[in-house]
Structure formats: structure tokens, C-alpha cells
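Given the structure is predicted, the values throughout are model-derived calculations rather than measurements. Throughout, protein chains are lettered first and strands after them, A, B, ... in sequence-line order, and every chain is numbered starting at 1.
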Number of protein chains: 2
Amino acid sequence: MELDARKKEILYAIIENYQESGEPVGSRTISKLEGLSFSPATIRNEMADLEEMGLIVQPHTSAGRVPTDKGYRLYVDKMLAERENGREVSRELPALPMQELLSKRIDRVEEMLLKMAQVLAANTNYTAMVTGPRSRGSKLKFLQLSPLDKGRILAVVVLSGDIVKNNILSLDEDISSQELMDLNFILNKGLTGLSLEEINLSVIAELKSEAGAHTEVVSKVLDAVAETFAKEDSYPVYTSGAPNIFRYPELTGGDKASELISTLEEKKTLGSAIGSLSTEGGSQQDIQVYIGEEVPVDSMKDCSVVTATYSLGDGVQGKIGIIGPKRMNYQKVVDTLKETMSHLDGIFLNTED
Amino acid sequence: MELDARKKEILYAIIENYQESGEPVGSRTISKLEGLSFSPATIRNEMADLEEMGLIVQPHTSAGRVPTDKGYRLYVDKMLAERENGREVSRELPALPMQELLSKRIDRVEEMLLKMAQVLAANTNYTAMVTGPRSRGSKLKFLQLSPLDKGRILAVVVLSGDIVKNNILSLDEDISSQELMDLNFILNKGLTGLSLEEINLSVIAELKSEAGAHTEVVSKVLDAVAETFAKEDSYPVYTSGAPNIFRYPELTGGDKASELISTLEEKKTLGSAIGSLSTEGGSQQDIQVYIGEEVPVDSMKDCSVVTATYSLGDGVQGKIGIIGPKRMNYQKVVDTLKETMSHLDGIFLNTED
DNA sequence: GTTAGCACTCAATCGGTTAGAGTGCTAACA
DNA sequence: TGTTAGCACTCTAACCGATTGAGTGCTAAC
């Protein structure tokens, strides 16, 4: 069956109406809309066709129609395509307080990411999720050993992308302040600029021979370094706006709310699931839309997820996701994400040098 | 009216039965219990009295009885009192994996606190909340400036209690590696051991004069120090097990679930509310029980909250809270918290020297 | 190709009935 | 005087059938 222009218009009308009302939409409602001046009966015929094509369904015989995943997919693809044509729709988004937020000196990346999730959730009324930056290719930028207490030292490890981790190490042996400084120099000289893979046995042996007596310290520091790299691999996930799901009855019936909230709390699962989403041929600018069954998390099969990939330079990148009902305002979410991404790029890619 | 022994027994029987069933408990149920060998009629008479005393209520005329806040209060006070008498009940708690958890080298306090919240939530099936450590009297333990990029330095600030914060500072001027080391020495000499209040204008003036040309760097570092102290004042709050509230229907009716989850997400509000709870004359060992209306957070008026104060030495302390329905298993929660506290004490008070 | 009309379906709603749980009261009993 | 059996009473939850209203599909006319 052919999907002619009128059918499309009707489909979009149904989707947009359902977006706002959350109730199945009937033929009368559509016929009274501006732009569609047909009688309910005509609309009904078209709707029957749309249903046959699998784009809409009726929850029950005497109800209006609701879009299917397939229907949404069509809608979203068309929407994104139109944007790509440069038709800068300017749906008068409320200016995100991003600029203000990000331009403030927020030194810790993590803090900034959390804030970002909060702003996104507040602006969209959906749930926002940000995975911490990670990169297979990150390198050791810098290492700092400092004496703390008797028998304990503080090892600060900095990776490319300004990922900083503190490690407090307890030593069995004692080490003087001067020795520590020497060691610090040796380690930095030997390790700076290397990736996890590049720190191999020969590098380690070399370091230990240079370090002389303090091989134990070297081992522990190397452990800390390895841990920092590892940690970065399972970097934290920030969520915000989880309670927003209660705004959408279709997400809160039965145990759904409970399951969703649980999933959001179990950030680990969430992170790896979302993190693993490939960036395969996103229609543009790395923005991906997953609708219903397409979402690779079981408890979110009634949701849609829109993700974007941000980059902090140096190949360090992470994902932002917006989780909402399938009838979410895709246009707004995509626009908001794009705006956020360009702000981020502006700030981080400039900072980097 | 007198609360004789039998009335008490009946009250406790009602509470414990309601704890498990969550349904109003009737006279027949009680009369069939071991130990209480009276006819339903007799129980009814006693229940009428208990109701008159405000210890129990009926949700509606033909329903069983449910404990009131006052009833729970009586129960909890008696329970705690009995414990104080040394009757070590040993309700065979599942051995908490705390020991294992805490003995592992978890360097960052924050990580450990989050883990603790997770273990508590999993063990009790309620929601756990841990406020980060804070202390008005914390002191600067140690300061480390390191060169990072051109124009940027990393300032690591360590407060007593091993609270570590990283600050990346962007400088307008340039500073050599050697100058930075000198500055590092000067700052540590001048600031180590001081509290926020003790770093006053005269100290600052002294430092700046010693620093010579680099007063800008000194200012920025001091800002970073002040921020670290400030941050510690509003230290993060970790929650875990929020979805557990869905196990208790009385907490999820209407918008209650939504409100609760929102409160838990707004950790700031939560932290200050819980943090402000005074430790005024806790019946023992700093454990406090807040029942229903006693809870100082509006959205938790249907909950009970049990808090304990932990100490990391050096006057650094924070609070742990367990949030559950009013019919929570107070015994178990109090025991679990006590066990946790003693583990914590064992570990931290030993480490400290 | 479009539309008016009409019979049909189904979910939601409402009023009424029933079943069951639990009570309070009274009177008998030890 | 305290305890208990018996009974009438109350109230909720569940069930049922009728009604309403929204929305449909189909047919026939335009």
C-alpha cells in the first residue's frame, strides 16, 4: 500500500495529538484540526489503511488510534531528515542555562556532568542520563606522589582529558620526603604519555631498576595507575529527573515505575547498556533515537531513548541520554541535545590545546 | 487509664503482626497467637481501651486495628530499653558483608560510603541514606600544587579525615615548575594545620608577601581551599535502595511514591534536613528513631527514619539513615545499624593515629 | 473520491446486591 | 469482677448488570 501525502499528514497529526494528550486519538479529533479539512469518515478510511500498514493501532475496538513503534520511527526519521535540510525550525526553546552553567569554573568534570544531567532533565521533563567520559586510548598525563602520614602517601593520577583520581596508599616500608620526590620524578619521566597498553613489563622493569630500593612503592603506584585506567572504563553514570517518569501514566502502571527506577539506580547496568550503543551511522551529528523495542534495556521497552555523544577532546568521550515515554517530544529533545552538544564543544574543544 | 502488662502484650502483638502483614489486625488473629490465650471478645475489650489511649486506630469501623505513631513510639522505646539492659537478643542477623567490604582497600571515603548505603539497603529492604562526613573543625592537612598544562595547574587539597579534592586552576600568568615548587612549600608551611577560620587576612597577607610576584596564584589557590572547606559543609549524600519503597503499598498510593523518590533525588534538601537532626539525648549509642510525624521532612510523614552518627576520627562525622514504612522492623534496623557502626569504628578509629 | 448515516462494539461508570471481616454490646458464666 | 459466647450492626471489597459515550466499520448516497 502506498503512503501518500495525506496519510502522512494524518499520521503526524495523530502522533502530535497523542504526544500532548496521552489518550488514543479518534477520527473526529483529527477532522477538527486546522489543515486537515476532511470529514471523520474520510479520516477513518485513511486510519484503517494506516493500521493495515502497521503504523497505528487501536488499544481496543471502540477506541481511537495510538502510534506504533513503526509509526514513531517514520515520524522521527522524517523529522530528522527535515532538520538536516537546514530548515532551522527554531521552536523557541527556552534558552538553556547551559552557557552560564558551563562557563562557571567547574573544575571537576564529574560535577559538571551531573549538573548537565540536572539541567537536561529539568528542561525536558524527562529523565536524563550522562555516562562519564571514557576512552580506550587515554594516556597518563601526569603523576604526583605526596607524603601524607607516616606510612601513607597520596598518589594523584591524571589521565588525558583531565580525569583525576586520588589514591591513598599505605606502605609497609618508610620513605623520606626527598626519596619520594625522586621517585616522583622517575615515575613521571618513565610513564608520562603512555597508555595502559604501553605500560608493559619492560617499562616496569626499567622503572624498578631506576627506583632502587623502593620497588614496593613502585608496584603500589602502578597498581593505582592501573586502577585509574580501569575505573575510567567503568566510569560513573549520572542520572537526574527519575521522578519525571511519574508524569506519564503509561510508564507507571503495574510494576513499571518500580522497574524503571531500579534500572536507573543500578547505574552500572545502565552505563554499560547505553555505553555499548554504537554510533553506527547516526542520521546526523551523532544523535540516535531508540524507540520502544529498539531500546536495548528490558525495563525500558515502553520508553524511547535519545542519545548523543559528547567529546572532551583527546578522544575522550561519553554519552548523554534522554529517557522518556514513547510519545516524547522528539523534536524538542533532539534540539535540546544538539544545543547542549554545541555548547559543550565550544567550551571543551577551545580549552584543549 | 492504666497500661497494664496484658494491654502491652496485645499492643506489641498487633504491631508485630502488622509489621509482617501490612493489613489491619483483628481480635481473632491476636487470640489465636501463642502466648495470648484469651477469647476474641476479651481482646476486643482491651483493644477498645488501647484505642482510647491513642495507641491504635481502626482505618474504618469494621476493620482491624493499626498502630498509631504513639503506639510505635511506645514499642520502640521499650524495645531500645530492653536492649540497653544488655539482653543481647541476637536475632540472627545475616552477617553483613561489611567486614569484607570495608577491609578492602577503598581509598576514597566517598566510594566507601556509597557502598555502605548499598549494603544497608540490600540487607534491610528499606532505603538507605548516608551523608558525607563533615566537621566544622576540620583542618587543612596538606596541599599539593603541580603543573598540568601551559597556564593550568592542579591543586590537590587534603583536609583532616582524608577528604581530598582536586582543583584545576587556570592562571593568567605563567609560572615555572621550580617557582611552583617553591610556592607549594611556602603555602604548606603557612597553611598546614589551620582551620577555615584560622586562615584570616593576616595569614593571607603574610603568604602573599612571601610569594613575591605570584600573588595571583596564591589567591586562586586560597579560593580553591575555601571551596574545599565549603564543599565539605554541603558534602554529598548517597542513597541506595530507593526502589524498595515500592515493596510497601502504604508508601506508594497516590503521589506518595513520586514525592518520596523526588525527595531522595534532591539530595541537597535531604542532606540538610537529616544532617540538622540533633543528637540530643539519644537513648543509646547515638541511634535515633523518628516515627511518622516526627520525621522533619514533609514527604516522609508516612515513613519512619532511623539514624546513626558515624565518626571518622578527628571530629569528622556524618549520618546514616534508614528510611522505611512506619511498620518497619525497628529491631532489625537498629541492630544492623549498630553492627555497621561498630565495624566502622573498628576500622577508622584504628587507622587514625 | 467523499461524506452522511447507522448499527455495532467496547471500556468506563454507576447503583445495587452480596459476602466477609470485624466490631460493640449484652447477657450469661466462673 | 473478669471472661466469654452470641448476636446485631457496620463497613469495605467484590461482583453484577444496565447505561453511557466514544469511536468504529460499513453501506449507500452524493
Student: Is a salt bridge present between A:D77 and A:R73, judged by a nitrogen-to-oxygen distance below 4.0 Å?
Tutor: yes
Student: Any side-chain N or O of B:Q58 less than 4.0 Å from the OP1 or OP2 oxygen of D:dT10?
Tutor: no
Student: Can you find an N or O donor on one side and an acceptor on the other, under 3.5 Å apart, linking the side chain of A:T61 with the base of C:dC10?
Tutor: no
Student: Examine C:dA4: is either OP1 or OP2 under 4.0 Å from a nitrogen or oxygen in the side chain of A:R44? Give yes or no.
Tutor: no
Student: Let me know the distance between CD of B:E23 and P of C:dG20, rounded to the nearest Å.
Tutor: 17 Å
Student: Side-chain N or O of B:S39 less than 4.0 angstrom from OP1 or OP2 on D:dT4?
Tutor: yes
Student: For the pair made of CD1 in B:I43 and C1' in D:dT3, what is the distance, rounded to whole Å?
Tutor: 11 Å
Student: May I ask you to verify if any side-chain N or O of B:T42 is less than 4.0 angstrom from the OP1 or OP2 atom of D:dT3?
Tutor: no
Student: Give none if D:dA28 has no partner; otherwise give the nucleotide forming a Watson-Crick or G-U wobble pair with it, both distances under 3.5 Å.
Tutor: C:dT3
Student: Look through every strand shown and name the nucleotide pairing with C:dG16 as Watson-Crick or G-U wobble, where both distances are under 3.5 Å.
Tutor: D:dC15
Student: Nearest-Å distance, CD (A:E51) to P (D:dC26)?
Tutor: 11 Å
Student: Should B:R65 be listed as having a side-chain N or O under 4.0 Å from OP1 or OP2 of C:dT23?
Tutor: yes
Student: Quickly work out the A:R28 CZ to D:dT24 C1' distance and round it to whole Å.
Tutor: 14 Å
Student: Rounded to the nearest 0.5 Å, what separates atom CD1 in B:I30 from atom CD1 in B:I10?
Tutor: 7.5 Å
